[in-house]
Number of protein chains: 2
Amino acid sequence: MSEQFYSEILREHGLKATVTRLRILELLSESKVAMSHSEISDCFDNEKIDKVTLYRTLNAFVECGIAHKVANEDRNWLYAIFDKDIKPNGTEGSEHKHEHAHFICSACDKIYCFPVVEEMKFNKLKDLMGFKIDQHEIRLHGTCPVCQ
Amino acid sequence: MSEQFYSEILREHGLKATVTRLRILELLSESKVAMSHSEISDCFDNEKIDKVTLYRTLNAFVECGIAHKVANEDRNWLYAIFDKDIKPNGTEGSEHKHEHAHFICSACDKIYCFPVVEEMKFNKLKDLMGFKIDQHEIRLHGTCPVCQ
DNA sequence: AAACTACTTGCAACTGAATTGCATTAATCG
DNA sequence: CGATTAATGCAATTCAGTTGCAAGTAGTTT
Ligand SMILES: [Mn+2]
Ligand SMILES: [Mn+2]
Ligand SMILES: [Zn+2]
Ligand SMILES: [Zn+2]
């Protein structure tokens with residue numbers, strides 16, 4: 001995708017299209033897995049990105065709805081762009097979470113975003129013994145194609 | 001439950017029954033929610049427990065299979081005793097995880113261990129597009145009875 | 001009951017992810 | 001092209017959790 005394309009995404013989400021943000025957005029958009037702060041940082045070994053700027057950029061992406069974050073097994077945040085093929089499950093894109101599961105590879109600890117397939121859907125799951133359930137989160141554990 | 005009872009649990013799991021461990025085990029056993037290091041620590045304001053000892057005790061409980069830990073929304077560990085009514089889903093209690101879900105209250109951020117009821121069970125969920133799925137984890141978000 | 005030994009404790013120092021404050025710089029808009 | 005407002009970079013800080021080590025104690029042996 002062109003720099004133009006990414007610049008527009010940033011501006012559409014109310015963020016200024018800076019060089020650093022473009023580099024981070026492009027990297028994340030092309031990654032098949034969710035990435036941590038340090039993994040992202042390591043991808044820019046020639047032209048380093050300041051660590052605080054990277055933290056702030058990632059937070060900005062999450063806050064404006066470009067990306068989301070998932071905790072890995074070590075409880076570090078991994079960041080992933082909301083993909084086109086993962087559709088928001090609510091009407092307006094405001095409060096509702098994009099409906100998808102996360103696959104965590106037990107071998108490499110990488111996290112892949114997964115569409116929620118039919119088999120993963122619960123049916124009636126409301127108000128279980130006085131607990132009002134709004135939403136649920138599925139974390140699948142196993143071995144990714146690379147590690148098999 | 002008696003001190004005798006808790007002492008035996010500790011010894012059965014290969015841990016020496018020390019005063020500190022007994023106090024922590026009793027507290028956790030009687031708690032309806034999973035507790036963080038600091039929450040546990042705050043329960044002993046009169047006779048303080050050393051923070052490192054508490055960390056090590058909690059890790060020991062997890063390693064020996066007395067307790068398990070769940071990350072809350074702030075990615076701090078919360079600890080909970082494996083309850084009697086939550087049955088291990090494997091034959092021997094060795095590798096298999098005790099099958100249960102976690103309910104996270106959006107209001108108070110407390111975590112409750114939940115039995116996995118029929119409605120939460122997926123059926124055929126194996127080898128999804130090259131990803132070998134061994135296990136899954138369900139996190140339910142909503143409002144607990146206390147916060148409604 | 002005293003001695004022994006391996007495990008456990010408590011304290012200080014340390015680690016590493018993430019945040020905050022603040023002065024400097026750069027993107028956007030008229 | 002300024003002016004305005006947001007973003008950056010650096011240093012310092014926070015906070016959960018860990019490590020090393022000397023001193024203490026549970027459980028076992030004699
Ligand atoms: Mn995702
Ligand atoms: Mn639990
Ligand atoms: Zn893998
Ligand atoms: Zn609550």
Side-chain angles (χ1 to χ4, degrees), chain A residues 3-26 34-42 44-64 66-79 109 111, chain B residues 3-25 34-64 66-79 109 111:
Chain A
E3 183 171 314
Q4 266 313 317
F5 177 77
Y6 292 120
S7 295
E8 261 179 50
I9 291 185
L10 289 171
R11 289 198 206 93
E12 278 169 7
H13 287 86
L15 300 177
K16 286 185 180 172
T18 67
V19 188
T20 310
R21 283 175 175 168
L22 283 168
R23 294 204 289 157
I24 298 167
L25 179 56
E26 184 180 9
M35 295 179 80
S36 69
H37 179 280
S38 74
E39 284 167 339
I40 296 168
S41 194
D42 291 347
F44 300 107
D45 40 340
N46 34 356
E47 206 157 348
K48 276 277 158 242
I49 288 177
D50 178 76
K51 84 179 173 161
V52 178
T53 303
L54 180 50
Y55 277 119
R56 289 199 267 230
T57 300
L58 294 170
N59 285 339
F61 285 4
V62 171
E63 271 161 39
C64 79
I66 288 181
H68 62 286
K69 55 185 179 181
V70 208
N72 70 0
E73 298 297 278
D74 296 331
R75 290 174 308 146
N76 295 322
W77 286 127
L78 304 194
Y79 298 84
D109 204 33
I111 297 187
Chain B
E3 182 172 315
Q4 266 312 315
F5 176 78
Y6 291 121
S7 295
E8 261 179 51
I9 291 185
L10 289 171
R11 291 199 205 93
E12 279 168 8
H13 286 85
L15 299 178
K16 287 185 179 171
T18 66
V19 189
T20 311
R21 283 176 177 168
L22 284 168
R23 293 204 289 156
I24 299 167
L25 179 56
M35 295 179 80
S36 69
H37 179 280
S38 74
E39 284 167 340
I40 297 169
S41 194
D42 290 348
C43 290
F44 300 107
D45 43 339
N46 35 356
E47 205 157 349
K48 276 276 158 242
I49 288 176
D50 178 78
K51 86 177 172 161
V52 179
T53 303
L54 180 50
Y55 276 119
R56 288 200 267 231
T57 301
L58 294 170
N59 285 339
F61 284 5
V62 171
E63 269 160 40
C64 78
I66 288 180
H68 62 285
K69 55 185 178 181
V70 208
N72 70 1
E73 297 296 278
D74 295 332
R75 290 173 310 145
N76 296 322
W77 285 127
L78 305 193
Y79 298 84
D109 203 34
I111 296 187

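To find a chain, count down the sequence lines: A is the first, B the second, and so on, and within it residues start at 1. These numbers come from the heavy atoms of this one structure, side chains and all, not from hydrogens, waters or symmetry mates. Every value quoted in this text rests on a predicted model; they were computed, and no experiment measured them.
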Counting the atoms with a prime plus P, OP1 and OP2 as sugar-phosphate, which does Asn76(B) contact under 4.0 Å by heavy atoms, base, sugar-phosphate, or nothing? sugar-phosphate
For a quick check of understanding: with a heavy-atom distance under 4.0 Å over all strands, which category does Ser38(B) fall into, base, sugar-phosphate or nothing? nothing
I need the [X] [atom1] to [Y] [atom2] distance, nearest 0.5 Å.
{"X": "Ile49(A)", "Y": "Asp42(A)", "atom1": "CD1", "atom2": "CG", "result": "11.5 Å"}
{"X": "Arg56(A)", "Y": "Lys51(A)", "atom1": "CZ", "atom2": "NZ", "result": "11.0 Å"}
{"X": "Lys69(B)", "Y": "Asn76(B)", "atom1": "NZ", "atom2": "CG", "result": "12.0 Å"}
{"X": "Lys48(A)", "Y": "Asn46(A)", "atom1": "NZ", "atom2": "CG", "result": "8.5 Å"}
{"X": "Thr57(A)", "Y": "Leu22(A)", "atom1": "OG1", "atom2": "CG", "result": "10.5 Å"}
{"X": "Arg11(B)", "Y": "Arg21(B)", "atom1": "CZ", "atom2": "CZ", "result": "11.5 Å"}

Rounded distance in Å - [atom1] ([X]) to [atom2] ([N]):
{"X": "Leu58(B)", "N": "dT9(C)", "atom1": "CG", "atom2": "C1'", "result": "14 Å"}
{"X": "Glu47(B)", "N": "dT9(C)", "atom1": "CD", "atom2": "P", "result": "14 Å"}
{"X": "Ile49(B)", "N": "dG10(C)", "atom1": "CD1", "atom2": "P", "result": "8 Å"}

Nucleotides 19-30 of chain C: protein proximity per nucleotide (B base, S sugar-phosphate only, - neither; heavy atom, under 4.0 Å): BBB-----BS--
Can you check nucleotides 1-4 of chain C for protein contacts, nitrogen or oxygen pairs under 3.5 Å, and list what you find?
none

So with a 6.0 Å cut-off around CD of Glu3(A), is the heavy-atom count from everything else above 12? no
Taking five pairs at each terminus, the helix from dA1(C)-dT30(D) to dG30(C)-dC1(D) shows an axis bend, to 10°, of 30°
With sequence neighbours left out, what residues match Tyr55(A) under ring pair (Phe, Tyr, Trp, His ring centres under 6.0 Å)? His37(A)
Taking for each residue the nucleotide of DNA chain C bearing the nearest heavy atom, is the 5' side occupied by Arg75(B) or by Gly14(B)? Gly14(B)
Listed partners of Glu73(B) passing side chain to side chain donor-acceptor pair (under 3.5 Å), at least two apart: Arg139(B)
Among Leu10(B), Ile9(B), Leu25(B), find the one that has a side chain to side chain contact (heavy atoms under 4.5 Å, CB included) with Leu15(B). Leu10(B)
Contact check, side chains of Ile24(A) and Tyr79(A), non-hydrogen atoms, under 4.5 Å: no
Report yes if the side chains of Leu54(A) and Phe44(A) come closer than 4.5 Å at any heavy-atom pair, otherwise no. no
Would you grab the first and last nucleotide of DNA chain D (5' to 3') that comes under 4.0 Å of any non-hydrogen atom in chain B? dA16(D) to dG27(D)
Give me the atom names and distance for the closest heavy-atom approach of Ala34(B) to Leu78(B). CB-CB, 3.6 Å
